[in-house]
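Note sheet for the following structure.
Residue numbers run from 1 in the order of the sequence given. The analysis underlying the following values was restricted to heavy atoms, covering all of them including side chains, and did not include hydrogens, waters or symmetry mates.
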Amino acid sequence: QAQLVESGGGSVQAGGSLRLSCAVSKISITRYSMGWFRQAPGKEREGVAGIRSDFSIAYADSVKGRFTISRDNAKNILYLQMTSLKPEDTAMYYCAAAPPPVAFSSLLLPGKYLHWGPGTPVNVSS
């Protein structure tokens with residue numbers, strides 16, 4: 001069973017930056033599609049960014065130009081660099097892994113992902 005553990009969340013003022021990490025064990029992130037999702041209180045979980053094994057990347061429109069997804073294949077870690085943070089970015093952030101194949105158009109769909117981490121909270125104050 002794959003294990004995913006997020007870290008790097010915290011509280012930051014609007015305009016600030018955070019880098020989230022997701023340490024993955026028991027599966028190789030190079031063979032899976034990996035994604036970052038978030039869920040704010042009272043809202044549905046939404047896709048933020050996803051990366052396929054072929055390095056194709058998708059971002060939600062709300063984070064384009066501000067967030068960057070990347071992975072360190074040697075360390076089996078997924079990252080999400082978040083800049084220019086806004087109060088509306090406040091949420092619990094989750095990383096997830098989806099076994100192939102995942103169509104590019106489905107990269108941000110939570111239902112395509114099989115393995116999930118417990119989440120790390122991000123709070124952005126104005």
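A search for side chain to side chain contact (heavy atoms under 4.5 Å, CB included) contacts involving Ile57 returns Ile51, Tyr59, Ile69, not counting sequence neighbours. When the side chain to side chain contact (heavy atoms under 4.5 Å, CB included) test is applied to Ala74, the partners found at least two apart in sequence or on another chain are Asp72. For Tyr32, there are no ring pair (Phe, Tyr, Trp, His ring centres under 6.0 Å) partners, not counting sequence neighbours. Listed by chain and residue number, Leu18, Leu85, Val124 satisfy the side chain to side chain contact (heavy atoms under 4.5 Å, CB included) test with Val12 (two or more places apart in sequence, or in another chain). Scored by the side chain to side chain contact (heavy atoms under 4.5 Å, CB included) test, Ser56 finds Arg52, Asp54, Phe104 as partners (sequence neighbours excluded).
Put simply, Phe55 and Leu108 are part of two different groups of oily side chains (I, L, V, M, F, W, Y) that touch within less than 4.5 Å, one to the next. Side-chain heavy atoms closer than 4.5 Å link hydrophobic residues (I, L, V, M, F, W, Y) into clusters, and following such links, even through other members, never connects Val48 to Tyr94. Put simply, Met34 and Val63 are part of the same group of oily side chains (I, L, V, M, F, W, Y) that touch within less than 4.5 Å, one to the next.
The CH2 atom of Trp36 lies 10.5 Å from the OH atom of Tyr93; values are rounded to the nearest 0.5 Å. Note that CG of Leu80 is 9.5 Å distant from OG of Ser21, once rounded to the nearest 0.5 Å. One finds the CG atom of Asp89 at 7.5 Å from the CE atom of Met82 (value rounded to the nearest 0.5 Å). Rounded to the nearest 0.5 Å, atoms NZ (Lys86) and OG (Ser125) are 15.5 Å apart.
Sorted by first then second residue, the disulfide (SG to SG under 2.5 Å) pairs that include residues 97-126, not counting sequence neighbours, number zero. Counting only residues at least two apart or on different chains, the salt bridge (charged side-chain N to carboxylate O under 4.0 Å, His left out) pairs with a member in residues 55-65 are Asp61-Lys64. The list of disulfide (SG to SG under 2.5 Å) pairs with a residue in residues 25-88, not counting sequence neighbours, is empty. Screening residues 108-124 for side-chain hydrogen bond (donor to acceptor under 3.5 Å, both in side chains) gives no qualifying pairs among residues at least two apart or on separate chains. Among residues at least two apart or in separate chains, there is no salt bridge (charged side-chain N to carboxylate O under 4.0 Å, His left out) pair with a member in residues 17-31. Judged as a salt bridge (charged side-chain N to carboxylate O under 4.0 Å, His left out), the pairs with a partner in residues 40-51 (not counting sequence neighbours) are, in order, Arg38-Glu46. Annotation: disulfide (SG to SG under 2.5 Å) contacts involving residues 51-126, sequence neighbours excluded, comprise Cys22-Cys95.
The two residues Val102 and Ser33 come nearest to each other via the heavy atoms CB-OG, 3.6 Å. Taking both residues in full, the closest heavy atoms of Thr90 and Ala40 are given as O-CB, 3.7 Å, listed atom of the first, atom of the second, then distance. Of all heavy-atom pairs between Ser17 and Ser84, the closest is OG-N, 4.3 Å. A pairwise comparison of heavy atoms in Leu114 and Pro99 identifies CB-CD, 3.9 Å as the closest pair.
One N or O on the side chain of Arg71 and one on the backbone of Ser53 form a donor-acceptor pair closer than 3.5 Å. In this structure, Asn73 contributes its side chain and Ile29 its backbone to no donor-acceptor pair below 3.5 Å.
No side-chain heavy atom of Phe67 sits under 4.5 Å from any side-chain heavy atom of Gln81.
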Step by step, would you call Leu20 with Val122 a side-chain contact (heavy atoms from CB on, under 4.5 Å)?
-> CA-CA 9 Å; Leu20 305 184; Val122 171; 4.1 Å; yes
